[in-house]
Amino acid sequence: QVQLVESGGGSVQAGGSLRLSCAASGDTYSGNCRAWFRQAPGKERAWVARLYDYGYTATDDYPHSLKGRFTILRDKAKNTLYLQLDRPEPEDTAMYYCAADPHLDWQQCQRAIRPSDFKYWGQGTQVTVSS
């Protein structure tokens, strides 16, 4: 069992910055596929960022439209995943969720962009970007 708890959401002005946190507890693995998704009202839950944790290093990936603005990070010591939102725009307003699936290998993780690809989920944290 893996428990994920997001925090750090809130209201920010366009062009500002925000860092979301996802604290993990329970079973942990040196190789772990982890991701952030977001969902706005009336929209499907969409992939925002993904990270594969080798233990000693990690690789990350993003939708093309978000590259350069969003950054996924992890702190091994704190067992915490982060999402850094730089220069957020009103269109980024959504509920943000972190997700993880420790049983995906690197190749499987590389293809994981759908909510159904991940086994464990947090409760979500709301991000509202005002203009």
Side-chain angles (χ1 to χ4, degrees):
Q1 280 273 3
V2 175
Q3 292 80 45
L4 305 174
V5 179
E6 300 100 331
S7 62
S11 298
V12 298
Q13 292 186 349
S17 64
L18 192 68
R19 176 169 286 195
L20 309 181
S21 299
C22 176
S25 61
D27 293 340
T28 58
Y29 303 86
S30 59
N32 193 337
C33 190
R34 309 174 74 177
W36 286 93
F37 287 75
R38 68 184 182 186
Q39 187 169 24
K43 303 293 185 180
E44 294 185 348
R45 191 169 298 188
W47 172 55
V48 171
R50 185 182 62 247
L51 177 147
Y52 187 79
D53 193 346
Y54 290 90
Y56 57 90
T57 189
T59 59
D60 55 357
D61 198 15
Y62 312 87
H64 178 75
S65 63
L66 296 179
K67 287 184 176 180
R69 294 201 301 117
F70 286 15
T71 305
I72 189 170
L73 306 164
R74 93 319 194 205
D75 187 318
K76 294 293 294 184
K78 296 181 179 180
N79 201 18
T80 300
L81 186 74
Y82 301 95
L83 182 68
Q84 179 72 32
L85 286 70
D86 294 321
R87 305 180 306 282
E89 303 170 0
E91 65 184 9
D92 296 319
T93 295
M95 184 74 75
Y96 284 72
Y97 301 88
C98 66
D101 198 324
H103 299 295
L104 298 180
D105 62 25
W106 179 82
Q107 293 186 21
Q108 293 169 324
C109 187
Q110 194 175 36
R111 299 188 296 268
I113 60 171
R114 300 177 178 85
S116 60
D117 293 327
F118 295 87
K119 181 176 178 64
Y120 298 104
W121 291 85
Q123 82 289 349
T125 185
Q126 179 68 37
V127 173
T128 302
V129 184
S130 62
S131 60

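Hydrogens, waters and symmetry mates play no part in the numbers below; they use all other heavy atoms, side chains included.
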For residues 89-99, the side chain to side chain donor-acceptor pair (under 3.5 Å) pairs (sequence neighbours left out) are Arg38-Asp92, Arg38-Tyr96, Arg69-Asp92
Notebook entry, point to check: Do Val127 and Leu18 come close enough that some side-chain heavy atom pair is under 4.5 Å?
Noted result: yes
Sorted by chain and number, sequence neighbours left out, side-chain contact (heavy atoms from CB on, under 4.5 Å) with Gln13 holds for Ser130
Sorted by chain and number, sequence neighbours left out, salt bridge (charged side-chain N to carboxylate O under 4.0 Å, His left out) with Arg45 holds for none
Q | Validation row: Asn32, Tyr54 side chains within 4.5 angstrom (heavy atoms) | A | no
Heavy-atom closest pair (Pro88 atom, Val12 atom, distance to 0.1 Å) is CG-CG2, 4.0 Å
- Is Pro63 close to Trp47 at the side-chain level, that is, under 4.5 Å between some pair of heavy atoms? yes
* Asked: Between Glu6 (side chain) and Gly124 (backbone), is there a donor-acceptor pair under 3.5 Å?
  -> yes
For residues 107-124, the salt bridge (charged side-chain N to carboxylate O under 4.0 Å, His left out) pairs (sequence neighbours left out) are none
(message) When you measure from the side chain of Gln39 to the backbone of Lys43, do you find a donor-acceptor pair of N or O atoms at a distance under 3.5 Å?
(response) yes
Using a 4.5 Å side-chain heavy-atom cut-off and chaining through intermediate ILVMFWY residues, the residues clustered with Leu73 come out as Tyr82
*Heavy-atom check, side chain of Pro102 versus side chain of Tyr120, under 4.5 Å*: yes
Taken in chain and number order and not counting sequence neighbours, the residues that satisfy side-chain contact (heavy atoms from CB on, under 4.5 Å) with Ser17 are Gln84, Asp86
Residues Pro90 and Ser131: closest non-hydrogen pair is CG-CB, 4.0 Å
Across all chains, not counting sequence neighbours, the side-chain contact (heavy atoms from CB on, under 4.5 Å) partners of Ala46 are none
Rounding to 0.5 Å, atoms CG (Asp75) and SG (Cys22) come to a distance of 12.5 Å
Sorted by chain and number, sequence neighbours left out, salt bridge (charged side-chain N to carboxylate O under 4.0 Å, His left out) with Arg50 holds for Asp61
Sorted by chain and number, sequence neighbours left out, side chain to side chain donor-acceptor pair (under 3.5 Å) with Tyr62 holds for Asp60
For salt bridge (charged side-chain N to carboxylate O under 4.0 Å, His left out), just list the numbers for Asp53 and Lys76, CA-CA rounded to whole Å, side-chain angles, deciding distance to a tenth of an Å, and then say yes or no.
CA-CA 9 Å; Asp53 193 346; Lys76 294 293 294 184; 3.1 Å; yes
Practice prompt. Measure the shortest side-chain to side-chain distance between Ile72 and Trp36 over non-hydrogen atoms and say whether it is less than 4.5 angstrom.
Written response: yes
Separation between CZ (Arg74) and OH (Tyr52), nearest 0.5 Å, reads 12.0 Å
Hphob cluster co-occupancy, Leu51 + Tyr56, side-chain heavy atoms under 4.5 angstrom: no
Gln3 meets the side chain to side chain donor-acceptor pair (under 3.5 Å) criterion, sequence neighbours left out, with Ser25
Taken to the nearest 0.5 Å, the spacing of Thr125 OG1 from Met95 CE works out to 7.5 Å
Phe118 meets the ring-ring contact (aromatic ring centres under 6.0 Å, His included) criterion, sequence neighbours left out, with Phe37
For Ala23, the side-chain contact (heavy atoms from CB on, under 4.5 Å) test, sequence neighbours excluded, returns Thr80
Interatomic distance, SG@Cys98 vs CG@Leu4, rounded to 0.5 Å, equals 4.5 Å
Should Leu83 and Val48 be marked as a side-chain contact (heavy atoms from CB on, under 4.5 Å) after you check the CA-CA gap, both sets of side-chain angles, and the distance that decides it?
CA-CA 9 Å; Leu83 182 68; Val48 171; 4.0 Å; yes
